[in-house]
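Data first, discussion second: the structure below is written as structure tokens.
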Amino acid sequence: MANNKKITRDDQLRLRLSKQERNLFEAYAKELGINPSRLGRNIIMSQAESIVNKPFIIPIAKAYKKYLEVTNQKEALERMKTP
């Protein structure tokens, strides 16, 4: 049986967005079929969790980049440079 611990979300985080940014964000949430506030929370939490894992990712990314350089895979290197 799963551990169903009730999470109480009482704290708030406010973001300042322009009208265009807000409309874009709400359109994206609607396209995904998710509540905009939940989408925002999920994005923020995924970014926060990535910071925790960053010390492990950076050496791996550097090693992979070096591998691509050694094997002369220029297309893959270009894809790494573009966000």
Side-chain angles (χ1 to χ4, degrees):
M1 188 146 75
N3 184 7
N4 294 330
K5 189 190 300 184
K6 184 172 178 157
I7 298 173
T8 305
R9 293 188 174 101
D10 293 335
D11 292 332
Q12 291 184 356
L13 177 67
R14 297 182 132 216
L15 301 173
R16 293 180 59 101
L17 302 171
S18 70
K19 196 167 209 91
Q20 294 86 3
E21 290 170 334
R22 182 182 176 121
N23 291 339
L24 181 63
F25 190 78
E26 288 176 347
Y28 181 56
K30 186 177 181 181
E31 181 181 318
L32 293 176
I34 189 169
N35 185 327
S37 61
R38 181 173 291 270
L39 175 63
R41 183 181 59 81
N42 290 350
I43 292 170
I44 290 168
M45 291 307 296
S46 71
Q47 290 298 310
E49 289 169 354
S50 73
I51 290 171
V52 173
N53 296 327
K54 203 169 232 173
F56 301 106
I57 293 172
I58 291 173
I60 293 168
K62 285 182 179 179
Y64 182 61
K65 184 177 178 184
K66 184 65 176 175
Y67 164 77
L68 293 175
E69 290 171 354
V70 169
T71 57
N72 201 21
Q73 297 183 32
K74 294 179 182 178
E75 289 180 20
L77 282 168
E78 286 300 317
R79 283 194 307 265
M80 282 185 76
K81 290 179 183 177
T82 57

So, for A29 and P36, which heavy atoms are closest and what is the spacing to 0.1 Å?
-> CB-CA, 3.8 Å
Shortest non-hydrogen contact between E21 and L17, atoms and distance = OE1-CA, 3.4 Å
Is there a donor-acceptor contact under 3.5 Å linking the side chains of N35 and S37?
-> yes
Criterion side chain to side chain contact (heavy atoms under 4.5 Å, CB included) on K66 and E69, from CA distance to verdict | CA-CA 5 Å; K66 184 65 176 175; E69 290 171 354; 3.8 Å; yes
Kindly compute the distance separating CG (L39) from CD1 (I34), expressed to the nearest 0.5 Å.
-> 5.5 Å
Sub-4.5 Å side-chain heavy-atom contact between L15 and F25 | no
Is the CZ atom of R41 crowded by more than 12 outside heavy atoms at less than 6.0 Å?
-> yes
Electrostatic pair E26:K30 at N-O distance under 4.0 angstrom = no
First locate atom CZ of R9, then atom CZ of R38, and finally report the distance between them rounded to the nearest 0.5 Å.
-> 6.0 Å
Would you mind reporting whether Q20 and L24 have side-chain heavy atoms less than 4.5 Å apart?
-> no
